[in-house]
Amino acid sequence: MTVTQEIYEAIVAGDQNAADRLVGEALAAGLPADTILGDGLVAGMAEVGRRFECGTYFVGDMMVSARAMKAGLARLRPALTVQDVKPVGKVVIGTVQGDLHDIGKNLVSVMLEGAGFQVTDLGVDVRPDKFVAAAREKGADLVALSALLTTTMTNMKGVITAVKKAEFERPVRVLVGGAAVTPEFAAQIGADGYASDAALAAARARELIGV
Ligand code: B1M
């Protein structure tokens, strides 16, 4: 079994110690960070979702796998981000109100940092007024919204309305994404941009602020 397969298995089994150790081993062996991420960590989480859908995994299983994913991602983070460079822009990011999923949002955060952004992460279940207050306080160029549930993605519209209504010193764009979100939905709610994955989110963020 390759080390990325072992990482995949560790995520599916929810073994956070193994996820942490194996990501360290893969990095030490010189494997590219995006291979470890895509073939190991993200593929493992996709399998967890599939098992939940089939009814062989339950919420508790998803929680232990999520913990293992976070451990692996924390170990991988330095390899995905750029250190000590002048930020190209400022982003405020969070998962919208009612939604507790944060793994994809954390990954988008890491990729934005990797693309040179200064990121303020507001966490999960974030109200529209908190996004606006943080964007003002931090002088953000971009507000990035994540939603994983069909029942919470509708809350993105409230954030967009609040951001568009607020008066900022410079233009603030809104980027949306997450498993439930589609480009059509993003356009319908008036988002400035949409991205289907974390790498594309970083690219789209740069395009939106013109860097
Ligand atoms: Co939840 N859950 N969950 N869950 N969970 C899903 C999302 C689900 C699809 C599972 C399923 O049925 N197959 C389903 C949603 C169905 C729907 O609405 N259509 C679901 C459900 C139903 C629920 C509960 C309602 C279950 C319950 O209690 N009965 C509940 C809701 C709680 C709440 O939020 N209020 C719930 C709870 C949980 C846990 C807490 C147990 C746990 C989350 C732990 C955590 O995040 N800390 C959990 C998990 C782990 C999942 C699955 C299995 C995995 C999500 C994940 O982390 N994926 C998920 C099934 C699945 O996605 N296959 C599922 C890995 C991650 C890297 O991908 O987050 O999609 P993702 O992020 C991607 C892209 O979407 C994108 O980039 C990322 C990577 O490239 N992206 C962006 C994300 N944000 C972006 C922002 C951008 C751009 C791109 O721009 C700003």
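Quick caveat: nothing in here was measured; it's all calculated off a predicted structure. Ligands are counted one by one from 1 in listed order, and the atoms in each one are counted from 1 as well.
Side chains of I11 and L41 form a contact here, defined as non-hydrogen atoms less than 4.5 Å apart. Contact of the L80 side chain with the P78 side chain is not registered, since no non-hydrogen atoms from C-beta on lie closer than 4.5 Å. L200 places none of its side-chain heavy atoms less than 4.5 Å from the side chain of Y194. Inter-residue side-chain proximity for Y8 and D39 is flagged as unmet; no heavy-atom pair is nearer than 4.5 Å. Side-chain contact between P87 and F117: absent, with no pair of heavy atoms (C-beta onward) separated by less than 4.5 Å. By the 4.5 Å heavy-atom criterion applied to side chains, V88 and R206 are counted as neighbours. Between N106 and L73, some side-chain heavy-atom pair lies under the 4.5 Å cut-off. The shortest distance between side-chain heavy atoms of E207 and R204 falls below 4.5 Å.
Looking at D15 and R67, no side-chain N of the basic residue comes within less than 4.0 Å of a carboxylate O on the acidic one, giving no salt bridge. Taking a cutoff of 4.0 Å between a charged side-chain nitrogen and a carboxylate oxygen, D141 and K90 do not qualify as a salt bridge.
Nearest protein heavy-atom neighbour of atom 44 (C) of ligand 1: A66 CB, 3.6 Å. Of the protein's heavy atoms, G104 CA, 4.2 Å lies nearest to atom 73 (C) of ligand 1. Protein heavy atom at the shortest distance from atom 27 (C) of ligand 1 is V59 CG2, 3.8 Å. Atom 67 (C) of ligand 1 has L107 CD2, 3.9 Å as its closest protein atom, hydrogens excluded (heavy atom only). Here the protein heavy atom with the shortest distance to atom 2 (N) of ligand 1 is H101 NE2, 3.2 Å. In this structure, atom 62 (O) of ligand 1 lies nearest to the protein heavy atom L148 CD1, 4.3 Å. If you check which protein heavy atom lies closest to atom 81 (N) of ligand 1, you get G178 N, 3.5 Å. Regarding atom 54 (C) of ligand 1, its nearest protein heavy-atom neighbour is M45 CE, 4.0 Å.
Residue contacts with ligand 1 for A179 involve both N, CA, C or O and side-chain atoms from C-beta outward (heavy atoms, distance under 4.0 Å). With a 4.0 Å cut-off on non-hydrogen atoms, I93 does not touch ligand 1 at all. Heavy atoms of L200 found under 4.0 angstrom from ligand 1: none, in either backbone or side chain. When heavy-atom distances to ligand 1 are checked against a 4.0 Å cut-off, T150 comes that close through both its backbone and its side chain.
Here is the list of ligand 1 atoms found below 4.0 Å of a heavy atom in D99: 34 (O). Close approach of ligand 1 to K70 is summarised as follows: ligand atoms under 4.0 Å from at least one heavy atom of the residue are 47 (N). Of all atoms in ligand 1, numbered sequentially from 1 with element shown, those under 4.0 Å from a heavy atom of D197 are 76 (C), 77 (O), 80 (O), 89 (C). Distances below 4.0 Å separate heavy atoms of G49 from the following atoms of ligand 1: 13 (N), 53 (C), 60 (C), 63 (N). Near A201, meaning under 4.0 Å from any of its heavy atoms, are these atoms of ligand 1: 88 (C). Those atoms of ligand 1 with a heavy atom of G98 less than 4.0 angstrom away are 33 (C), 34 (O), 35 (N). Each of the atoms 13 (N) of ligand 1 lies under 4.0 Å from some heavy atom of E53. Close approach of ligand 1 to F52 is summarised as follows: ligand atoms under 4.0 Å from at least one heavy atom of the residue are 10 (C), 11 (C), 12 (O).
Ligand 1 has at least one atom lying under 4.0 Å from a heavy atom of S196. Contact annotation: A195 has at least one heavy atom less than 4.0 Å from an atom of ligand 1.
If you run side-chain contact (heavy atoms from CB on, under 4.5 Å) between L145 and each of V174, V92, V108, L175, only V174 comes through.
Protein heavy atoms are found less than 4.0 angstrom from atom 33 (C) of ligand 1. Within the 4.0 angstrom cut-off, atom 9 (C) of ligand 1 has no protein heavy-atom neighbours. Proximity of atom 79 (C) of ligand 1 to the protein is indicated by at least one non-hydrogen atom lying closer than 4.0 angstrom. Within a 4.0 Å radius of atom 88 (C) of ligand 1, the protein contributes one or more non-hydrogen atoms.
Taking both residues in full, the closest heavy atoms of V23 and R75 are given as CG1-CG, 3.5 Å, listed atom of the first, atom of the second, then distance. Closest approach of A202 and L112 over heavy atoms only: CA-CD2, 3.9 Å.
Taking any N or O of S146, backbone or side chain, at least one lies under 3.5 Å from an N or O belonging to ligand 1. Any N or O atom pair closer than 3.5 Å counts here, and D102 shares at least one such pair with ligand 1.
Nearest-heavy-atom check against atom 57 (O) of ligand 1 across I11, I103, V42, T95 picks out I103. For atom 31 (C) of ligand 1, the choice among L149, L175, L100 with the nearest heavy atom turns out to be L149. Remark: among candidates M63, M111, M62, the nearest residue to atom 53 (C) of ligand 1 is M62, based on non-hydrogen atoms. Nearest to atom 77 (O) of ligand 1 by heavy atom, out of A198, S65, G44, is A198.
Not a single donor-acceptor pair under 3.5 Å links the side chain of R77 to the backbone N or O of V110.
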**OP:** Please test R136 against E169 for salt bridge (charged side-chain N to carboxylate O under 4.0 Å, His left out), starting from the C-alpha separation and ending with a verdict.
**Re:** CA-CA 8 Å; R136 180 167 290 120; E169 280 171 16; over 6 Å; no
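At most 12 heavy atoms of other shown residues, nucleotides or ligands fall within 6.0 angstrom of atom NZ in K138. Atom CZ of R51 has more than 12 heavy atoms from other residues, nucleotides or ligands within 6.0 Å.
Checking T152 against D99 by side-chain atom types alone, a donor-acceptor pair falls below 3.5 Å.
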